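Quick note: numbers below take in every heavy atom, side chains included, and nothing from hydrogens, waters or symmetry partners. These figures come from a predicted structure and were not determined experimentally. Each chain gets a letter, A, B and so on, in the order the sequences are listed, and its residues count up from 1.
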Amino acid sequence: MTVRTRFAPSPTGYLHIGGVRTALFNWLFARKHGGTFILRIDDTDAGRNVEEALAPILSGLRWLGIDWDEGPEVGGPCAPYFQSERAAGHRAAAERLLAGGHAYRDYARPEELDEERKAAQAAGRPFLYSRRFAAFTPDDAARFEAEGRQGVVRLKMPREGTLVIDDAVRGRVEFAWDREQDHVVQRADGSCLYHLASVVDDHDFRISHVIRAEEHLSNTPRQAFIAMALGYPLPAYAHLPLVAEPGSRTKLSKRKLAQYLKNPDFRQVAEHGTRIAERIGLAPEADTFNPVIVDFYREVGYLPWAIDNAMALLGWSYDDKTEFFSRDELVAAFTLERINSSPASFDPKKLWSVQDHYMHALPVDDKLALMLPFLVKAGLVDAPATPGQTAIVRRVIEASGDRLKVAGDILAYADFFLVEEPPMDPKAVEQKLAKPGVAGLLGRYADAIRGVASFEPGPLEEATKAFAAAEGIKLGDLVHPVRVALSGRTVGPGLYDCLAILGAPRALERLERARAQAG
RNA sequence: GGCCCCAUCGUCUAGAGGCCUAGGACACGGGCCUUUCAAGCCUGUAACCGGGGUUCGAAUCCCCGUGGGGUCACCA
C-alpha cells in the first residue's frame, strides 16, 4: 500500500505546538513507510493575506526538518495545494452529491433552524432538522426562491443505522446516523465548506491515512458520509490525543496564554525566552511570542530536533525507557500502534530538559555557529565577527559548558567579555564588593596575579590559592568579590577561565576599577 | 444537554491476567563534589478514580457509577 499522509493547516499566521505534533506524526508515518508527506493549505475561509499568514508556518516546518514532498513551493502531481484554488472540484462534488440524492438544496433561514433547534431542546429530544425547506424538486426550489429565500446545499444524512470506524489509535468507534446533522456543504454563493473540501481534496491527493487530532473524531461521520456518497474509498483514520494545557487536560490554545503563565514552569520558560528576545531587539509581544508557538523556540535558539524529539513523546512512546532518538531512529521506531489515546499535557519543562540533553551533546564548533548570530544581533560582535571576537566567544562557550541551555544564553555569558565596561549588578556589588577590606584585598590580589607567568587557568588557579592561603582567608571570600569585579555579577563560568579569557591587561584594569566601588 | 473519546506518580509514560511489594523520564526534596551558577554522582517523596463482577489470580477483561475532555457553525 502506498502511504500518503497530509498536514493541512489553515493560514493563521503562526505554527502552533499542537500543529507541530500533528505534522510530525504524519511526517514520521510517511517516512517510516517510504510514503509521501503532503502539505495542503486549508484556506477556504477568508483568504486575505494568505501569503503573509502562511510564511511562519512554512518556515517553522522547514526549521523543524519536517519537509514535505508535495505542497506549496515544491509543487507536485496533485497541484494546486491551496484549497481555495481547488474550488471547482469542490463544486462539482456538491453537484454530484445533489444528483445522487445525498444532498439537497435547503432554503431554511438561519432563524428558522434556530427555532427548530430550540423547540427540540425544550422538548428534551435531540435536534434533527425537519427538512421542511428542503427542495427536492425544481418546483420546490422555484417556490422558495420566489419567497426571496436563498438555497444552500445540505447533506441528506442517513437517519438509521450506524457507522463503524476502525481508528488506528482508538479501535472501533461507532456512531448512530440519526445523531448526525444535515450539515451545510455549500453556501448560497457557491462556495464550499471545509468538510466537503477536505474530503474531496484528500481523495484527489490519494491520502491513505488521515492522521489528525482527536477534535476531528466527531467530524468523521459526516466526512465518511461525503466520501461514501461520492464513491470514494475511506482512508484509514488515526485520531491523535489532544495536546493539552500544562497541568490540565483541556486543549492547548494560543488564546489562553495569560492563564498558562500562572503555571510556574511555563512562566519560567516564557520569561527566559523573552529576556533573550529583548536583547536581540525583538521587543516581542506576548501574543505572538510564547512557548505555544514555534517561532518562540527558533528565535530563542532551541535546537529544532530537540523540539521534534520532545513532541514525539507527547502521546507516543517507544518503550519504558528510550527517550532520545536520532532522526533515523525515530522514523524507524515510530508506529501508529504505540500512540496513546488519552490527552497529553504539554510540559515546557520536559521540553527544556530534552533541549538540555541535545545542547549538552553539541560539539563546540556547532555551538559557536549557532550562537554567534545572537551576539551579532545584540550588537556585541561585528557582522561578521572578527577572528579575535570569534576566539573569545569560542573560549566562553568552552568555559560555560552546560550553562548554555539554548543558543540565546550566550548573551548572558559572553557579554562582559565583549564590552569594555560591563554594567555592575547593584545587588552583586552590595553583597560581594561593598564589604570592609575588599578594596585592599582586590589590590593585593591584582599584584599577586600580575606576576603570573602564563595567564591561563592552571597557573591562575595556583596563584589564587597561594594568595588566599597567604592572606589567611577562605578561597570563596576571595573568589566572589573578584568575580563581581570582573563581570559585574555573581554567576558565570569558572573564575580562572574568566580571568584567562579576559587577559591580563583587561582583568587587572577591571580589578582596579572595581576597587572604587568596594568597601 | 445529545453524541463521541479518555482515566497509572504533579507531568510524560511502561504495563496487552500471574514477571508489579507497579518500572523509567521530567519536576521536586536530601546528600556528595565545589570559587558562583550549571553539570555530574548518590539518594528520597510520589500513582493504578470508585463500586460491582469474571477468574485460582486483575493496573490489565466486562458492567455501572464518577470525573475530565472533545464535538454539536452557512469556522477550519
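Here A:N290 pairs with nothing under the side-chain hydrogen bond (donor to acceptor under 3.5 Å, both in side chains) rule; sequence neighbours left out. In this view, A:D497 satisfies the salt bridge (Lys or Arg N to Asp or Glu O under 4.0 Å) rule with no residue, not counting sequence neighbours. Taking A:F334 as the reference, A:F25, A:W316 meet the ring-ring contact (aromatic ring centres under 6.0 Å, His included) condition, with sequence neighbours excluded. For A:D182, the salt bridge (Lys or Arg N to Asp or Glu O under 4.0 Å) criterion is met by A:R131, A:R159, not counting sequence neighbours. In terms of the side-chain hydrogen bond (donor to acceptor under 3.5 Å, both in side chains) criterion, residue partners of A:E174 (sequence neighbours excluded) are, by chain and number, A:R172. Evaluation of the side-chain hydrogen bond (donor to acceptor under 3.5 Å, both in side chains) rule for A:S191 yields A:R187, A:D189 as partners, not counting sequence neighbours.
Judged by Watson-Crick or G-U wobble contacts below 3.5 Å, the nucleotide B:A73 has no partner. Base pairing annotation: B:U54 forms no Watson-Crick or G-U wobble pair, as no partner gives both donor-acceptor distances under 3.5 Å. Under the Watson-Crick or G-U wobble criterion, with both distances below 3.5 Å, B:A47 is left unpaired in every strand shown. In this entry B:C37 has no Watson-Crick or G-U wobble partner, no candidate having both defining distances under 3.5 Å. Pairing partner, B:U60: none, since no Watson-Crick or wobble contact has both distances short of 3.5 Å. The partner of B:A16 cannot be assigned: no Watson-Crick or G-U wobble pair with both contacts below 3.5 Å exists in any strand.
Distance noted for atom P between B:A22 and B:A47: 10 Å (whole Å). If you take atom C1' in B:C49 and the same atom in B:U60, they sit 16 Å apart, rounded to whole Å. For the C1' atoms, the distance from B:G51 to B:U13 is 27 Å, rounded to whole Å. Straight-line distance between the C1' atoms of B:U11 and B:U21: roughly 25 Å, to the nearest whole Å. Comparing the same atom, P, in B:A16 and in B:G10 gives a spacing of 23 Å after rounding to whole Å. Using C1' as the reference atom, B:U55 and B:G18 are 12 Å apart when rounded to the nearest Å. Taking atom C1' on both B:C28 and B:C9, the two are 12 Å apart, rounded to the nearest angstrom. On the C1' atoms, B:C48 is 11 Å away from B:A58, given to the nearest whole Å.
Atom pair A:D320:CG and B:C48:P shows a separation of 20 Å (rounding to whole Å applied). What separates CG of A:L217 from P of B:G2 is a distance of 18 Å, to the nearest Å. One can place CH2 of A:W316 at 13 Å from C1' of B:C12, the figure rounded to the nearest angstrom. In this structure, CZ of A:F266 is placed 17 Å from P of B:U11, rounded to the nearest angstrom. Remark: C1' of B:C12 and CZ of A:R338 are 14 Å apart, rounded to the nearest angstrom. Following rounding to the nearest Å, A:L314 (CG) and B:U11 (P) show an atom-to-atom distance of 13 Å. One interatomic measurement links the two molecules: CZ of A:F324 to C1' of B:C12, which rounds to 12 Å at whole-angstrom precision. In this entry the distance linking CZ of A:F346 with P of B:C12 reads 12 Å, nearest Å.
Which of B:A14, B:A7, B:G70 sits closest to the side chain of A:S317 comes down to B:A14. Comparing B:C12, B:C6, B:G2 by their nearest atom to the side chain of A:S341 picks out B:C6.
Relative to the six-membered ring of A:F133, A:R149 meets both conditions, a distance below 6.0 Å and an angle of at most 45° to the axis. Stacking of A:R40 on the aromatic ring of A:Y81 is not recorded, the 6.0 Å distance cut-off and the 45° axial limit not both being met.
Sorted by first then second residue, the salt bridge (Lys or Arg N to Asp or Glu O under 4.0 Å) pairs that include residues 477-496 of chain A, not counting sequence neighbours, are A:D415-A:R489. Applying the salt bridge (Lys or Arg N to Asp or Glu O under 4.0 Å) definition to pairs two or more places apart or across chains, those involving residues 239-251 of chain A are A:E215-A:K251, A:E245-A:K256.
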Polar atom pairs between nucleotides 73-76 of chain B and protein, under 3.5 Å, N or O only, would you list them?
residue : atom : partner : partner atom : Å
B:A73   : OP2  : A:R117  : NH1          : 3.0
B:C75   : OP2  : A:R187  : NE           : 3.0
B:C75   : OP2  : A:R187  : NH2          : 2.3
B:C75   : O2'  : A:D45   : OD2          : 2.9
B:A76   : OP1  : A:T44   : OG1          : 3.0
B:A76   : OP2  : A:Y194  : N            : 3.0
B:A76   : O3'  : A:D42   : O            : 2.9
B:A76   : O2'  : A:S10   : OG           : 3.2
B:A76   : N6   : A:H195  : NE2          : 3.1
B:A76   : N6   : A:N219  : OD1          : 3.4

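A:N340 has a side-chain polar atom (N or O) that falls below the 4.0 Å cut-off from OP1 or OP2 of B:A14.
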- [ ] Do nucleotides 63-69 of chain B as a string where each nucleotide becomes B, S or -: B if the base has a protein heavy atom under 4.0 Å, S if just the sugar-phosphate does, - if no protein is that close.
- [x] -----SB

- [ ] Between protein and nucleotides 26-47 of chain B, map the contacts as a letter string: B base, S sugar-phosphate only, - none, heavy atoms under 4.0 Å, written 5' to 3'.
- [x] S--------BBBSS--------

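When every heavy atom of A:A507 is checked against every heavy atom of A:L499, the shortest pair comes out as CB-CD2, 4.0 Å.
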Using residues 423-431 of chain A as the side-chain source, report each donor-acceptor pair under 3.5 Å to any protein atom, sequence neighbours left out, with the distance given to one decimal.
residue : atom : partner : partner atom : Å
A:D425  : OD1  : A:K427  : N            : 3.2

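A donor-acceptor contact closer than 3.5 angstrom is absent between the side chains of A:Y129 and A:Q181.
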